[in-house]
Amino acid sequence: MKARQEIADFLSALLTVYVIVIIAWVLISFVFAMGVRVPYSRWSNAVLDFLRDVANPWLNLFRRLPLRVGPLDLSPIVAILVLQIAGGIVIGLVEP
C-alpha cells in the first residue's frame, strides 16, 4: 500500500509542476505578444525553449478547438482544467 501512495504523490507533484509550466509559458507568451523582447542570453533562451517544448504539445491539442473569444484564447484554461480533472481521476485510481 505504501508504494501506491508514493506513486500517487509523485503523480500529484508531476501534475502540479506541469500546470506551473503551462502557466509560466502562457504568461511569457502574453508578455512577448505585448512587444517585450528579452535580450539574448543563453540561459534565458534555454528556459524559454524548455517551457515552449514542454507546454506546447498539450496546449496544441486544445488550440484546434474553437476556444477564442475575440483576442482572448481560452484554450490554456480548458487545457489546465482537463489536465486537473484527468490527473485527479488517475491519482484517485492509484491511491489506496
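All residue numbers in this chain count up from 1 along the given sequence. Scope of the values below: all heavy atoms of this structure, side chains included, with no hydrogens, waters or symmetry mates. If you're wondering where the values come from, they're calculated on a predicted model, not measured in any experiment.
The heavy-atom pair separating Leu48 from Trp25 by the smallest distance is O-CZ3, 3.8 Å. The shortest non-hydrogen separation linking Asp53 to Pro57 is O-CD, 3.3 Å. Contact detail for Gln84 and Leu15: the closest heavy-atom pair is OE1-CD2, 4.0 Å. Summarising the geometry of Pro39 relative to Ser44, their closest heavy-atom pair is O-OG, 4.2 Å, with the distance given to 0.1 Å.
The cluster map of Ile, Leu, Val, Met, Phe, Trp and Tyr, joined by side-chain heavy atoms under 4.5 Å apart, puts Val26 and Val69 in the same cluster. With hydrophobic clusters built from ILVMFWY side chains whose heavy atoms lie under 4.5 angstrom apart, Ile28 does not share a cluster with Val31. Residue Ile89 is not grouped with residue Leu81 when hydrophobic side chains (ILVMFWY) are merged at heavy-atom distances under 4.5 angstrom, including chains of intermediate members.
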Inset, instruction - Test Leu65 against Phe62 for side chain to side chain contact (heavy atoms under 4.5 Å, CB included), laying out the working first. - result: CA-CA 5 Å; Leu65 302 175; Phe62 296 93; 4.1 Å; yes
Inset, instruction - Could you walk me through whether Glu95 and Gln5 pass side chain to side chain contact (heavy atoms under 4.5 Å, CB included), step by step? - result: CA-CA 5 Å; Glu95 276 184 329; Gln5 183 62 44; 3.8 Å; yes
Inset, instruction - Determine, stepwise, if the pair Leu74 / Arg68 fulfils side chain to side chain contact (heavy atoms under 4.5 Å, CB included). - result: CA-CA 6 Å; Leu74 300 177; Arg68 287 195 173 266; over 6 Å; no
Legend entry - Check against side chain to side chain contact (heavy atoms under 4.5 Å, CB included), Val17 and Ile20: CA-CA 5 Å; Val17 169; Ile20 291 170; 5.5 Å; no
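A side-chain donor-acceptor contact under 3.5 Å links Asn60 to the backbone of Asn56. Of the possible polar contacts, none joining the Ser12 side chain to the Ala8 backbone as a donor-acceptor pair under 3.5 Å is found. Remark: side-chain polar atoms of Tyr18 are paired, donor with acceptor, to backbone N or O of Val54 under 3.5 angstrom.
The side-chain contact (heavy atoms from CB on, under 4.5 Å) test with Ile91 singles out one residue from Leu14, Ile7, Leu11, and that residue is Leu11. For the side-chain contact (heavy atoms from CB on, under 4.5 Å) with Val78, the qualifying choice from Leu59, Asp73, Leu67 is Leu67, the only one to do so.
Shown here are the side-chain contact (heavy atoms from CB on, under 4.5 Å) partners of Leu27, two or more places apart in sequence or in another chain: Ile23. Every side-chain contact (heavy atoms from CB on, under 4.5 Å) that Phe30 has, sequence neighbours left out, goes to Met34.
The CD1 atom of Ile77 sits 12.0 Å away from the CD1 atom of Ile22 when rounded to the nearest 0.5 Å.
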